[in-house]
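Have a look at the structure below before the remarks.
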Amino acid sequence: MTRKIVVTSALPYANGPIHIGHLVEYIQTDIWVRFHKLCGHECLYFCADDTHGTPVMLSARAAGIPPEQLIEKVHREHVQDFERFHVAFDNYYSTHSPENQHFSELIFKRLDEAGSIVKRQVEQAFCETCNMALPDRYVKGTCPRCKAEDQYGDSCEVCSATYRPTDMVNPTCATCRAVPVLRSSEHYFFKLADYEERLKVLIGQGYTQPSVANKLQEWFDAGLKDWDISRDGPYFGFKIPGESDKYFYVWLDAPIGYIASAKNYCDREGLDFNRLWPGEHASPSDSDEYELYHFIGKDIVYFHALFWPAMLQGAGFKTAKKLFVHGFLTVNGEKMSKSRGTFVTAATFAEHLDTEYLRYYYASKLNDSVHDLDLSIEDFVNKVNSDLVGKFANLASRSGPMLTKKLEGRLGELDADGRALIDRMVAERSQIVQAYEALKYGAVVRHIVALADEANRYVESKRPWDTLKTDPELTRVTLTAVINAVRVLAVYLKPILPVYARKVERFLGLSELTMADLDSVLENHSINPFEHLFKRVEAKQVKKMIESSKEPETSGSSGDSSNDTPSFKEQCDMSDFGKIDLRVAAIKEADTVEGADKLLRLTLDVGRVDRNVLAGIALAYKPEDLVGRKVVYFSNLKPRKMRFGVSEGMVLAAGGGGKEVYLLEPDDGAQPGDEIR
RNA sequence: GGCGGCGUAGCUCAGUUGGUUAGAGCGUGGGAUUCAUAAGCCUAAGGUCGGUGGUUCGAGUCCACCCGUCGCUACCA
């Protein structure tokens with residue numbers, strides 16, 4: 001049975017280059033697509049650039065070009081990066097396309113008709129200088145909780161607090177540093193909660209891996225919230241029909257890009273889009289002709305397991321059969337880092353190393369789980385050299401040249417031993433196919449390597465270099481088996497190593513190998529001169545690649561390139577300072593707080609009175625070390641009710657929070673209760 | 001703290017519904033070879049499967065607790 005399959009990878013954002021982290025997904029997906037094509041299935045692979053939203057708009061502004069020009073440039077770069085890594089999309093399109101606009105408007109309209117869209121006023125930060133509403137990430141300021149400076153508007157990287165930009169102390173616009181104002185605006189919302197039951201059914205049908213389903217259950221338990229799907233202009237995106245200055249939020253039209261890419265392909269290739277992805281003119285039940293699959297990373301599960309299928313359901317479009325979620329890439333066990341040089345772009349990798357190495361390495365470590373995948377440099381070098389060079393390439397290179405140089409390059413026929421070898425290798429087919437299908441590429445690779453080992457042992461046992469002197473025809477028989485083994489391996493490896501497979505095809509004088517070629521053997525056939533298959537990797541080359549990827553660590557933890565002069569707060573006068581009553585206090589008692597791991601309960605001697613303060617310093621100080629110490633106490637801060645009691649003011653400390661807390665201490669002579677001026 | 005994941009040889013990872021002496025690759029030691037891109041072959045060493053209890057005739061595999069680690073989430077005025 002010929003299956004018809006449509007596959008997508010997540011749309012990379014058009015604001016930066018493809019890097020080796022992205023490539024986990026594209027390589028994983030591409031292998032799956034190539035595998036299906038190898039099996040003779042109709043398999044179409046669609047993707048596109050995700051082009052809309054504030055970051056693209058601002059990048060274009062900064063570059064002094066229109067966003068259209070920016071995304072065009074990035075599109076070219078992305079296409080080139082994917083080509084280098086042999087990621088073969090059937091269509092690589094753009095969300096900034098007429099098709100995408102059409103489907104975005106259509107889906108929005110249908111969701112509206114279904115009563116799933118509501119309008120509501122929201123308060124948001126607005127920068128009058130930039131003349132735009134500021135997304136959370138574009139507001140910077142001081143964390144309202146730990147007072148760390150230069151934090152994003154949604155959460156603090158120092159103390160991991162989450163808050164709204166409007167809660168920040170001294171918020172500023174991240175681009176121009178102006179102080180944003182609060183503005184009220186009407187936004188459109190998608191009522192996600194209306195789809196809870198239908199989503200649960202979908203997930204119950206095995207839409208995601210079980211571990212992802214568990215995570216989704218947590219979100220269901222927490223309650224599905226309405227999703228803000230509009231943004232006020234100026235915004236780079238599609239205008240909402242009937243509105244003069246409101247646009248679809250980038251995350252609304254991004255996944256619709258899958259549909260747009262498919263539609264664009266169908267129109268070009270003369271395929272019936274309505275059968276491929278039913279919904280526009282037909283109801284989903286009309287056709288199950290095509291199986292639909294999405295590949296994504298775990299960071300965007302919420303969008304693809306909740307918003308996206310709900311949108312499709314609400315608009316009457318077909319939803320995917322499965323969502324395959326993978327983990328992140330780590331390098332040498334750590335997060336990719338620009339300063340360590342492990343943030344390697346696709347282009348840089350391709351400059352230094354054979355891109356098939358990465359395909360092979362990822363394949364050898366990928367499975368169907370959402371676990372992070374570690375690129376261990378040492379392991380990478382070993383695996384490439386040992387498997388690709390030592391096993392696969394070597395098998396061909398110890399048989400092909402001998403045959404072409406000494407035996408006219410002509411295969412003979414298999415004897416019983418040779419037939420047995422090839423039969424054993426072909427017998428693994430169903431196991432390998434199953435493992436490919438189930439995304440267990442690590443198992444695929446282990447199977448194939450074991451077969452290569454067996455073929456290498458076969459050469460060893462037959463010693464063709466000896467028999468060549470005594471019995472050339474027997475040698476021909478041996479090498480016929482070995483060449484057939486090479487051919488079988490090339491078929492199995494083709495989804496992972498398409499270039500290697502092409503070279504083997506050329507060397508063996510064959511046309512495009514497919515899985516069906518395993519049904520036959522190669523006999524009485526002439527082969528071409530051997531061509532080099534893989535070069536060894538030197539650790540040096542990898543080091544060089546890492547070196548050229550290194551960027552100096554920028555100040556601050558955000559990786560942002562803001563200048564180095566510390567930003568001080570707005571000026572104030574003595575009367576402002578006068579409102580603040582700072583006192584010397586002595587710590588009389590300090591205790592841990594039951595149920596709070598960062599809080600200490602301090603009893604302070606503030607002259608004639610005692611005060612109770614809950615201080616977030618438990619990670620930095622032990623209670624017993626604090627008793628007797630003098631501290632600076634903010635006495636007239638309004639008492640705050642907390643889960644663990646009321647805190648009357650606060651003690652002053654430097655540091656970013658967490659373990660980085662350094663209490664201020666007055667010099668000797670200061671007495672509890674003394675005013676600090 | 002809550003929820004969830006993870007913790008198997010030096011390294012990277014397999015271990016199917018619990019079933020005989022726990023596996024692979026790389027790396028390391030030894031050996032025999034030399035056709036081959038200094039590749040390949042044989043062989044050895046190396047693990048109380050994070051810890052402690054429990055269920056079971058039997059547990060890396062199930063349960064509880066603990067430790068470590070990661071993610072989300074909460075207090076941290």
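None of these values were measured; they are calculated from a predicted model. The sequence lines fix the lettering, A, B, ..., with proteins before strands; numbering per chain opens at 1.
With sequence neighbours left out, the ring-ring contact (aromatic ring centres under 6.0 Å, His included) criterion links A/Phe349 to A/Phe85. Residues satisfying the side chain to side chain donor-acceptor pair (under 3.5 Å) test with A/Arg424, not counting sequence neighbours, are A/Glu454. Considering only residues two or more places apart in sequence or on other chains, A/Glu413 meets the side chain to side chain contact (heavy atoms under 4.5 Å, CB included) condition with A/Glu523, A/Asn524. Under the ring-ring contact (aromatic ring centres under 6.0 Å, His included) criterion, A/Phe534 pairs with A/Tyr500, sequence neighbours left out. A/Lys225 is linked by a salt bridge (Lys or Arg N to Asp or Glu O under 4.0 Å) to nothing, counting only residues two or more places apart in sequence or in another chain. When the salt bridge (Lys or Arg N to Asp or Glu O under 4.0 Å) test is applied to A/Glu460, the partners found at least two apart in sequence or on another chain are A/Arg398. Applying the salt bridge (Lys or Arg N to Asp or Glu O under 4.0 Å) criterion to A/Glu408, with sequence neighbours excluded, gives A/Arg410, A/Arg476.
Using a 4.0 Å cut-off, some side-chain N or O of A/Lys391 falls inside it from OP1 or OP2 of B/rC26.
Atom P of nucleotide B/rG71 and atom CD1 of A/Ile300 are separated by 19 Å, given to the nearest angstrom. What separates CG of A/Asp354 from P of B/rU37 is a distance of 18 Å, to the nearest Å. Rounded to a whole Å, the NZ atom of A/Lys298 is 11 Å from the C1' atom of B/rC72. A/Asp368 places its CG atom 14 Å from the C1' atom of B/rC13, with the value rounded to the nearest Å. Rounded to a whole Å, the NZ atom of A/Lys535 is 13 Å from the P atom of B/rA38. Atom CZ in A/Arg457 sits roughly 18 Å away from atom C1' in B/rC35 (whole-Å rounding). Taking atom CD of A/Glu378 as the reference point, atom P of B/rU12 lies 9 Å away to the nearest angstrom. When rounded to the nearest whole Å, the span between CD of A/Glu538 and C1' of B/rA38 equals 12 Å.
A heavy-atom distance below 4.5 Å is not found between the side chains of A/Leu216 and A/Leu199. Side-chain atoms of A/Thr470 and A/Asp466, non-hydrogen and from C-beta on, never get closer than 4.5 Å to each other. The shortest distance between side-chain heavy atoms of A/Leu373 and A/His326 does not fall below 4.5 Å. Taking 4.5 Å as the limit, some side-chain heavy atom of A/Trp227 sits within range of a side-chain heavy atom of A/Phe303.
With C1' as the reference atom, B/rA77 and B/rC3 are 28 Å apart, rounded to whole Å. A distance of about 11 Å separates the C1' atoms of B/rC6 and B/rG50, rounded to the whole Å. Remark: the separation of the P atoms in B/rG29 and B/rU20 is 34 Å, to the nearest Å. Separating the C1' atom of B/rU61 from that of B/rA22 is a span of 11 Å, rounded to the nearest Å. The gap from the C1' atom of B/rA64 to that of B/rA24 amounts to 33 Å, rounded to the nearest Å. Going from the P atom of B/rG60 to that of B/rG53 covers 14 Å, rounded to whole Å. If you take atom P in B/rU8 and the same atom in B/rU48, they sit 12 Å apart, rounded to whole Å. Comparing the C1' positions of B/rG25 and B/rA14 gives a spacing of 10 Å, expressed to the nearest Å.
For A/Lys200, the NZ atom counts as densely surrounded, since its 6.0 Å shell holds more than 12 non-hydrogen atoms of other residues, nucleotides or ligands.
There is a side-chain donor-acceptor pair under 3.5 Å between A/Ser369 and A/Asn367.
For residues 442-451 of chain A, no pair satisfies salt bridge (charged side-chain N to carboxylate O under 4.0 Å, His left out), with sequence neighbours left out.
In the set B/rA39, B/rU12, B/rG71, B/rU12 carries the atom at the smallest distance from any side-chain atom of A/Tyr361. Which of B/rC35, B/rG25, B/rA14 sits closest to the side chain of A/Arg446 comes down to B/rA14. Comparing B/rC11, B/rG40, B/rA14 by their nearest atom to the side chain of A/Asn367 picks out B/rA14. Between B/rU12, B/rA77, B/rC35, one nucleotide has an atom nearer to the side chain of A/Asp374 than all others, and that is B/rU12. Proximity note for A/Ala393 (side chain, C-beta onward) versus B/rU12, B/rU37, B/rC41: the nearest is B/rU37. Among B/rG71, B/rC11, B/rG40, the nucleotide with an atom closest to any side-chain atom of A/Lys215 is B/rG71. Distance from the side chain of A/Glu460 is smallest for B/rG40 among the nucleotides B/rG71, B/rA77, B/rG40. Among the nucleotides B/rU37, B/rC11, B/rG40, the one closest to the side chain of A/Asn394 is B/rG40.
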Before you tell me yes or no, could you show the steps for A/Lys588 and A/Asp610 under side-chain contact (heavy atoms from CB on, under 4.5 Å), namely the whole-Å CA-CA distance, both residues' side-chain angles and the distance that decides it to 0.1 Å? CA-CA 9 Å; A/Lys588 283 174 75 176; A/Asp610 286 354; 2.6 Å; yes

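With ring centers used as reference points, A/Phe307 lies 6.0 Å or more from A/Trp251.
Position along RNA chain B of the nearest nucleotide to A/Val613 versus A/Leu373 favours A/Leu373 as the more 5'-ward residue.
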Output a table of nitrogen or oxygen pairs between the protein and nucleotides 60-63 of chain B separated by less than 3.5 Å.
none

Intra- and interstrand pairs of RNA chain B - dot-bracket, Watson-Crick/G-U under 3.5 Å, | marks other strand: (((((((..((((.....[...)))).((((.........)))).....(((((..]....))))))))))))....

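Within the 4.0 angstrom heavy-atom criterion, base atoms lie near A/Phe530. Residue A/Leu395 is out of contact with every strand shown, counting any heavy-atom pair closer than 4.0 Å.
Across residues 379-389 of chain A, A/Asp379, A/Asn382, A/Ser386, A/Val389 each have a non-hydrogen atom less than 4.0 Å from an atom of RNA chain B (numbered order). Residues from residues 462-489 of chain A lying near RNA chain B, meaning a heavy-atom separation below 4.0 Å, are A/Arg463, A/Trp465 in numerical order.
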